[in-house]
Amino acid sequence: VQLVESGGGLVPAGGSLRLSCAVSGLDFDDYAFAWFRQAPGKKREGVAIANPTHSTTDYTDAVKGRFTISADNAKNMVYLHMSRLKPEDTAVYYCAADWRKKYSSGWLLVASADYWGQGIQVTVSS
């Protein structure tokens, strides 16, 4: 199983980025997906989750209205569209997959998953 993130980088405050996660080695329809992030010296935290049918999403309060998680079942891709970025969004972002029968809306609060990507750096300059 592989989850490979791309699209990170350096962006000025107020800018936008789209992170992509290429998923392989598992049945895409059997998994819920999420994006987590970890800033230096902080715990990994949930940013956005999509339920197993990828039709319902949820976000941590800090990014509501600015970030959007989406999934393309035909391409086995998961995306995180980030807009109006702030310096406090600076972190390593991780794509995560969890088996559908384990899914709950509480996943945002628990940094646990069956599979993780390697992480990608997002830096927002002030």
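Computed from a predicted structure; not experimentally measured.
Checked by atom type and distance alone, the side chain of T57 never pairs as donor or acceptor with a backbone atom of I69 at under 3.5 Å. Checking side-chain atoms of R66 against main-chain N and O of R84 turns up a donor-acceptor pair under 3.5 Å.
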Let me check something: any side-chain donor-acceptor pairs from residues 13-26 under 3.5 Å, sequence neighbours excluded? List them with distances.
none

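Ring planes of Y103 and W107: perpendicular class, angle over 60° (limits at 30 and 60°).
One distance of note links OH of Y93 with CE of M82; it measures 5.5 Å at 0.5 Å rounding. To the nearest 0.5 Å, atoms CG (D98) and OG (S112) are separated by 6.0 Å. Once rounded to the nearest 0.5 Å, the distance linking OG of S125 with CG of L85 reads 10.0 Å. Distance check, rounded to the nearest 0.5 Å: OG1 of T60 to CG of L108 gives 6.0 Å.
With sequence neighbours left out, the ring-ring contact (aromatic ring centres under 6.0 Å, His included) criterion links F28 to F33, H54.
The pair K102-D114 meets the salt-bridge criterion, with a side-chain N (NZ, NE, NH1 or NH2) lying under 4.0 Å from an Asp/Glu carboxylate O. A salt bridge is absent between K86 and D89: the closest approach of a Lys/Arg side-chain nitrogen to an acidic carboxylate oxygen does not fall below 4.0 angstrom.
Hydrophobic cluster membership differs between V63 and I49, with clusters built from Ile, Leu, Val, Met, Phe, Trp and Tyr side chains linked at under 4.5 angstrom.
Within a 6.0 Å sphere centred on NZ of K42, heavy atoms belonging to other residues, nucleotides or ligands number 12 at most. At most 12 non-hydrogen atoms from other residues, nucleotides or ligands lie less than 6.0 angstrom from CH2 of W99. For Q121, the CD atom counts as densely surrounded, since its 6.0 Å shell holds more than 12 non-hydrogen atoms of other residues, nucleotides or ligands.
In this structure, R100 is not positioned above the aromatic face of Y31 in the sense of NZ or CZ being under 6.0 Å from the six-membered ring centre and within 45° of the axis.
Contact check for F36 versus E45: no side-chain heavy atoms found under the 4.5 Å cut-off. E5 places a side-chain heavy atom less than 4.5 Å from the side chain of Y94. Using a 4.5 Å heavy-atom cutoff, the side chains of V47 and Y59 are not in contact. Counting heavy atoms from C-beta on, the side chains of N73 and D29 come closer than 4.5 Å. At least one side-chain heavy atom of L3 sits under 4.5 Å from a side-chain heavy atom of V1.
For F67 and W35, the ring centers are positioned 6.0 Å apart or more.
When all heavy atoms of A50 and A32 are compared, the pair lying nearest together is O-CB, 3.3 Å. Taking each heavy atom of S55 and T53 in turn, the nearest pair found is OG-OG1, 2.7 Å.
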